[in-house]
Amino acid sequence: MDNKDSEAEIHPLKTEDVKAQENHENSVERRIVSKQSSRLSRLSRWRTAAFFISLFLCLIIVFAFSFIIPCPERPVSERTWFRNYDNAVAYQFLAIEDANEDKVQDVIFALKASNGTSSFNRSCLDEGLPSPCAFVAAVSGTNGRVLWERPAAEEIEWMECGIKQLGGAEAPGCLVVGKPGSLTAIDLQTGKVQWRQSSDFGANYTVLTPVSVIPDVDSDGVQDLIIFIATGDKIKTFIHSGKNGKQIGSTESLNVDGKARYIRLNPDSSYFLFYTENSLYAYSLKDLYSAATGMEIKLPSLEQDLHWEKNIDSTTHRLSLLSSGDIRYLAKIPGRSRENILVVNSEMAALINAQNLQTLWTLNVSRVVSEPLLGYYKPDVLGIVLESEIGPNVMIVESGSGAVQWDLKLNSRAESPGPATLSTADHRSTFLIWGEYQAAGNETRSRAPLQKLYLFHPSYTNVLLELRNSTDQIIAFSAALFERSRHACYVLLRGPQPSEEPGSVSLMKRKLKEDVSESRVIWLSQVAVDSEQYVRDRLYRMRFHSR
């Protein structure tokens, strides 16, 4: 302090200069701080404004989507609808596909008539066909409205829908095999003809069904078709382009010893198994293509299986499987790693390992009368439904072991439709079975033959629900979930067949729950666990699942 005071006394002017400089620096700092604070306040106001503007825009968007812009309407499906056609006959064919892309399944069927419905006013002459002719029609699954209909052929031998890339279109299509020999590809969404080709199938032929889709062998970017035509003891092989229907290569004949049917297997390679009452034949797709075109197929995924080739006779193409005499049905059964083969003859059923051709199990069952059907009696455990002439008439067999899980004695007519299954949310299945149940001690058949539809679910092993009965001639029957994991329905096509005189043809879709609520409860044993109404209510509330 003494030094500062003495220095101030010695240099009074210097001290005043220093103070002035300090005051100037302080004022500059104050101005800078004030500018910065004003900038920050302006920035804060801009941020506040931006926040409220963003909030306001968000509220406008939410309000618009909630009240102004309508949500896409979900189609409301009618519980029951009918389509009736007069002076017509129906073909034994039903397909369940989404034709109009509304996420509800639709019904495609075929009938023979002189004219279509009044809403389309189509006639056979429009397609250059004699009248009457075969029409293909798609009907909305929601309300039964006709989506499209098309005169397709003089007669229909077979029809198959859901074929992808048919005609090079993005949407799936339907292939109609007509008489006289013709192939017609129809767009599933519009009903327009993609292509039509005539083919010389010969006289008195039968189409082996289903038509098989094979990989693209003519390199046009569209998968192709292979069709088998049976004439006497020969099977003719036709390979056609899926894009334009033209035949690829020439017609090749396979020799068999009687009326044949076939299934297609897809292990590591693709094989076709043809079976008659007495014999079993195996052909690889590679062999069939080479015989038709004279060229080797260049698809590595279709190489022949060495173990199979060792068991196939190189001259006759016979395949030795078990005692393969008197074969009634062959069926593909999914296994852990690949498909297995179920062989059903007149006295037993046997499951064959498709990899080493060894027998996995056998089961005594006599005179099976319908194609084996897959379903789930236990959660996620695949079962096989077998219908036979000799009781028990209905059996559910575990596919892995061959053990009988459930059986029932049921009188079935030869013309009764086959069974159907629907997957439920508990990882099991609902089984729909046609026949006539008669309690023990009351086994006399009724004078007027009835076809009764029964529902069985494994949650009640001693209960059948009788859903409906009918004396009408049922041409085709199918059951499906018309929406994903919901709206379980069945479809009935009734009326005269093509070999009979024309009459009234009726197509009906009915929601399964409507019949469950009005059903008759049948106790298979004397012990009633719950009340009948409780059983109906529980099965009515049952949820379904699209696997």
Side-chain angles (χ1 to χ4, degrees), residues 95-96 160 162-164 209-215 261-275 280 282 284-285 301-303 305 307-308 311 319 321-322 324 327-345 348-363 365 368 370-387 394-406 418-433 456-458 478-481 484-485 544-547:
I96 310 295
E160 193 156 336
I163 301 176
K164 296 180 180 179
T209 59
V211 172
S212 286
V213 177
I214 61 175
R261 287 174 288 179
Y262 89 99
I263 63 170
R264 179 183 179 182
L265 287 179
N266 289 285
D268 295 333
S269 53
S270 187
Y271 279 84
F272 297 88
L273 299 185
F274 299 90
Y275 60 100
L280 182 62
S284 68
L285 177 57
S301 61
L302 297 180
E303 289 299 319
D305 187 288
H307 188 79
W308 274 65
N311 287 272
L319 176 66
L321 267 188
L322 196 65
S324 55
I327 299 176
R328 290 190 170 227
Y329 295 101
L330 286 188
K332 298 180 291 184
I333 308 297
R336 292 183 179 179
S337 59
R338 62 198 298 171
E339 293 172 332
N340 295 320
I341 308 166
L342 182 69
V343 181
V344 181
N345 61 28
M348 71 174 186
L351 189 69
I352 308 299
N353 187 313
Q355 186 170 6
N356 55 25
L357 302 180
Q358 298 298 311
T359 302
L360 298 176
W361 53 258
T362 60
L363 175 71
V365 55
V368 173
S370 65
E371 292 275 357
L373 180 71
L374 301 180
Y376 292 86
Y377 180 84
K378 295 179 180 178
D380 294 324
V381 178
L382 186 64
I384 306 168
V385 182
L386 298 174
E387 284 191 311
V394 181
M395 303 171 65
I396 302 176
V397 181
E398 186 175 323
S399 65
S401 64
V404 177
Q405 298 172 314
W406 183 81
T421 59
L422 293 170
S423 296
T424 52
D426 60 358
H427 301 270
R428 294 187 285 188
S429 295
T430 291
F431 298 84
L432 299 174
I433 309 165
F456 167 75
H457 187 267
S478 183
L481 301 182
R484 183 166 181 82
S485 296
F544 293 88
H545 173 65
S546 298
R547 283 186 177 269

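On a predicted model such as this, the values are computed, not experimentally measured, just so you know.
Between I333 and L382 the shortest side-chain heavy-atom distance falls below 4.5 Å. Residues P372 and V397 form no side-chain contact, since every pair of their non-hydrogen atoms from C-beta on lies 4.5 Å or further apart. Counting only heavy atoms from C-beta outward, the side chains of T421 and L374 never approach each other to under 4.5 Å. Residues N345 and R328 are not in side-chain contact: their nearest non-hydrogen atoms beyond the backbone lie 4.5 Å or more apart. Using a 4.5 Å heavy-atom cutoff, the side chains of L273 and L319 are in contact. Side-chain contact check for V385 versus M395: every heavy-atom pair is 4.5 Å or farther apart.
With sequence neighbours excluded, the residues that form a side chain to side chain donor-acceptor pair (under 3.5 Å) with S370 are E387. Taking L360 as the reference, N340, L351, N353 meet the side-chain contact (heavy atoms from CB on, under 4.5 Å) condition, with sequence neighbours excluded. Partners of E371 according to the salt bridge (charged side-chain N to carboxylate O under 4.0 Å, His left out) rule, which considers only residues two or more places apart in sequence or in another chain, do not exist here. Take K378 and apply the salt bridge (charged side-chain N to carboxylate O under 4.0 Å, His left out) test, not counting sequence neighbours, and it matches E398. Every residue two or more places apart in sequence or in another chain was checked for a side-chain contact (heavy atoms from CB on, under 4.5 Å) with R336, and none qualifies. Remark: S423 pairs with R547 by the side chain to side chain donor-acceptor pair (under 3.5 Å) rule, at least two apart or across chains. Not counting sequence neighbours, the partners of H307 by the side-chain contact (heavy atoms from CB on, under 4.5 Å) test are D305, N311, N356, L357. For H545, the side chain to side chain donor-acceptor pair (under 3.5 Å) criterion is met by no residue, not counting sequence neighbours. The salt bridge (charged side-chain N to carboxylate O under 4.0 Å, His left out) search around R428 returns D426, not counting sequence neighbours. Listed by chain and residue number, nothing satisfies the side chain to side chain donor-acceptor pair (under 3.5 Å) test with Y376 (two or more places apart in sequence, or in another chain). Listed by chain and residue number, I396, Q405, W406, F456, P458, T461 satisfy the side-chain contact (heavy atoms from CB on, under 4.5 Å) test with Y377 (two or more places apart in sequence, or in another chain).
Atoms CG and CG, on L363 and L386 in that order, are 7.0 Å from each other to the nearest 0.5 Å. Between the CG atom of L330 and the CG atom of L342 there is a distance of 8.0 Å, given to the nearest 0.5 Å. Taking OG1 of T430 as the reference point, atom NE2 of H457 lies at 4.5 Å (rounded to 0.5 Å). For the atom pair CZ of R484 and CZ of F544, the computed distance is 15.5 Å after rounding to the nearest 0.5 Å.
With S284 contributing its side chain and Y271 its backbone, the two residues share no donor-acceptor pair below 3.5 Å. Listed for the S429 side chain is no donor-acceptor partner under 3.5 Å among the backbone atoms of F431.
One side chain, S212 or Y262, offers a donor N or O that lies under 3.5 Å from an acceptor on the other.
For the pair I96 and S478, the tightest heavy-atom approach, listed with the atom from each and the gap, is CG1-OG, 3.9 Å.
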